[in-house]
2 protein chains.
Amino acid sequence: MKCINRLKRGGNVFVIITYDVGEKRVGKVCKKLREYLDWTQNSVFEGQIQKGKLTKCLSELKKILTEEDSIYIYRIENPNHLRKDVIGQNRSFDRIFL
Amino acid sequence: MKCINRLKRGGNVFVIITYDVGEKRVGKVCKKLREYLDWTQNSVFEGQIQKGKLTKCLSELKKILTEEDSIYIYRIENPNHLRKDVIGQNRSFDRIFL
């Protein structure tokens with residue numbers, strides 16, 4: 001198990017966003033999230049971001065989504081309170097250590 | 001957007017676990033995670049858990065996984081530092097409010 005300590009990449013809040021959206025909108029949602037955060041695995045994005053940018057990102061996502069879709073936003077104000085471990089492949093290794 | 005404040009369900013650490021594993025092992029991984037945490041969405045589980053139980057859960061998961069699989073564990077020591085919001089459907093609503 002690897003512990004990923006270097007989560008900080010600028011910005012003032014760390015977010016993990018997971019999505020479960022209709023097939024037709026997966027591409028659009030992915031593209032939008034990639035503008036603001038790092039893809040980690042399957043339907044999960046993460047990253048440190050400024051609060052204003054997060055608000056902008058969520059507002060843009062809302063324009064893409066329909067009622068059947070679902071987006072979860074986990075927000076951790078201080079990334080020192082977060083520990084991330086990986087078992088097995090770290091799919092987003094290159095992105096985290098940029 | 002709905003803010004889910006009542007994250008506490010006992011235990012002393014809040015975890016979000018996401019997985020990306022070979023098709024043959026998805027069922028087993030899901031079943032194992034369900035023993036300890038709540039399913040939220042797609043390949044994401046979450047919940048408050050005792051540290052000892054988390055260690056046991058991860059150790060049991062390792063026995064199921066192969067080298068190509070990937071499991072991410074986000075650990076937040078104090079759930080007061082975490083805020084969860086949902087846009088759209090809250091798929092795990094009944095589980096969170098048990």
Side-chain angles (χ1 to χ4, degrees), chain A residues 1-5 7 13-22 25-26 29 33 38-46 51 54-55 57-93 96, chain B residues 1-5 7 13-22 25-26 29 33 38-46 51 54-55 57-93 96:
Chain A
M1 191 151 80
K2 287 157 272 179
C3 180
I4 314 295
N5 286 315
L7 289 168
V13 59
F14 187 86
V15 288
I16 301 156
I17 295 189
T18 70
Y19 62 84
D20 185 359
V21 303
R25 291 172 297 284
V26 167
V29 167
L33 284 170
D38 297 318
W39 175 81
T40 60
Q41 192 195 63
N42 279 337
S43 51
V44 183
F45 280 77
E46 65 170 43
K51 285 182 187 176
L54 178 61
T55 307
C57 171
L58 297 180
S59 143
E60 287 168 4
L61 276 176
K62 281 179 195 163
K63 289 177 193 160
I64 300 168
L65 303 172
T66 72
E67 275 184 10
E68 64 187 271
D69 299 328
S70 167
I71 294 217
Y72 286 4
I73 306 112
Y74 299 93
R75 213 179 292 221
I76 299 113
E77 291 283 336
N78 182 344
N80 291 330
H81 297 138
L82 175 73
R83 175 178 159 178
K84 179 182 173 186
D85 292 292
V86 178
I87 299 178
Q89 299 289 323
N90 187 353
R91 311 225 191 277
S92 55
F93 191 82
I96 285 173
Chain B
M1 193 154 76
K2 285 158 274 178
C3 181
I4 315 293
N5 285 316
L7 288 169
V13 58
F14 188 85
V15 287
I16 301 157
I17 294 189
T18 70
Y19 62 85
D20 186 358
V21 303
R25 292 173 298 283
V26 168
V29 167
L33 285 169
D38 297 319
W39 175 82
T40 58
Q41 191 194 63
N42 279 337
S43 51
V44 183
F45 280 77
E46 66 170 41
K51 284 182 186 175
L54 178 61
T55 307
C57 171
L58 298 181
S59 144
E60 287 169 1
L61 276 176
K62 281 179 196 165
K63 290 178 193 162
I64 300 168
L65 304 173
T66 71
E67 276 184 7
E68 64 188 271
D69 300 329
S70 168
I71 295 217
Y72 286 4
I73 307 112
Y74 299 94
R75 211 179 295 221
I76 299 111
E77 291 284 334
N78 183 342
N80 291 329
H81 297 137
L82 175 74
R83 176 178 159 179
K84 180 181 172 185
D85 292 292
V86 178
I87 300 177
Q89 299 290 325
N90 187 355
R91 310 225 190 275
S92 56
F93 191 84
I96 285 173

With a 4.5 Å cut-off on side-chain heavy atoms, are A:V29 and A:I71 touching? yes
Going by salt bridge (Lys or Arg N to Asp or Glu O under 4.0 Å), name the residues that satisfy it together with A:E77, two or more places apart in sequence or in a different chain. A:K51
Would you call the rings of B:Y19 and B:F45 parallel, tilted or perpendicular, taking 30° and 60° as the class edges? tilted
With a 4.5 angstrom heavy-atom cut-off, could you sort out which part of B:I76 is near chain A: side chain, backbone, both or neither? both
Between B:E46 and A:Y72, a side-chain donor and acceptor under 3.5 Å: no
Any idea which of B:V44, B:I16, B:L65, B:V15 has the most non-hydrogen atom pairs under 4.5 angstrom with chain A? B:I16
The interface call for B:I17 against chain A, heavy-atom contacts under 4.5 Å, is neither
Given heavy-atom pairs under 4.5 angstrom as the criterion, report whether the side chain, backbone, both or neither of B:T18 touches chain A. both
